[in-house]
Amino acid sequence: QVQLVESGGGLVQAGGSLRLSCAASGRTSSLFTIAWFRQAPGKEREFVMSITWDGSRKYYADSVKGRFTISRDNAKNTVYLQMNSLKPEDTAVYYCAVPKLDGYSGSSITGYDSWGQGTQVTVSS
């Protein structure tokens with residue numbers, strides 16, 4: 001059982017930067033993966049990035065390649081999503097999630113069963 005809380009969302013101009021945080025409580029493990037998803041109005045939720053809890057493996061969607069980075073601070077039990085060169089199309093509610101099975105780090109929504117409440121990111125042009 002894992003509880004997740006996202007924070008750091010807000011309004012930023014195109015080209016700007018924002019850092020999101022995902023604080024986890026409950027289960028912790030070196031096999032513990034946290035992923036970021038986002039959902040824009042009227043669209044399906046989509047995978048953004050993921051990271052194993054020890055930081056040894058990271059994955060990302062093509063849409064954020066070269067602009068977003070993911071990292072973790074295990075002392076704080078927190079995962080960060082650093083977003084640079086933001087575009088209006090990045091506007092969405094951003095969620096963090098934990099997989100059903102230890103070790104899973106893929107992009108499928110069905111692979112995750114614990115979700116945070118989300119944080120709104122709005123990028124103005």
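Applying the ring-ring contact (aromatic ring centres under 6.0 Å, His included) definition to pairs two or more places apart or across chains, none involves residues 69-91. Sorted by first then second residue, the ring-ring contact (aromatic ring centres under 6.0 Å, His included) pairs that include residues 106-125, not counting sequence neighbours, are F37-Y112, F37-W115, Y104-Y112.
Between L4 and A97, the shortest heavy-atom distance links the atoms CD1-CA, 3.7 Å. Residues V121 and G9 come closest through the heavy atom pair CG2-CA, 4.2 Å.
T52 is listed as a side-chain neighbour of S105, based on a closest heavy-atom distance under 4.5 Å. Side-chain atoms of S17 and N84, non-hydrogen and from C-beta on, do get closer than 4.5 Å to each other.
Contacts of E46 classified as salt bridge (charged side-chain N to carboxylate O under 4.0 Å, His left out), with partners at least two apart in sequence or in another chain: R38. When the ring-ring contact (aromatic ring centres under 6.0 Å, His included) test is applied to Y94, no partner is found at least two apart in sequence or on another chain. Residues forming a salt bridge (charged side-chain N to carboxylate O under 4.0 Å, His left out) with R45 (at least two apart in sequence, or on another chain): none. Considering only residues two or more places apart in sequence or on other chains, Q120 meets the side-chain hydrogen bond (donor to acceptor under 3.5 Å, both in side chains) condition with T122.
Counted within 6.0 Å of OH on Y60, heavy atoms from surrounding residues, nucleotides or ligands total 12 or fewer; the atom is thus considered open.
Side-chain N/O atoms of S50 and T33 include no donor and acceptor closer than 3.5 Å.
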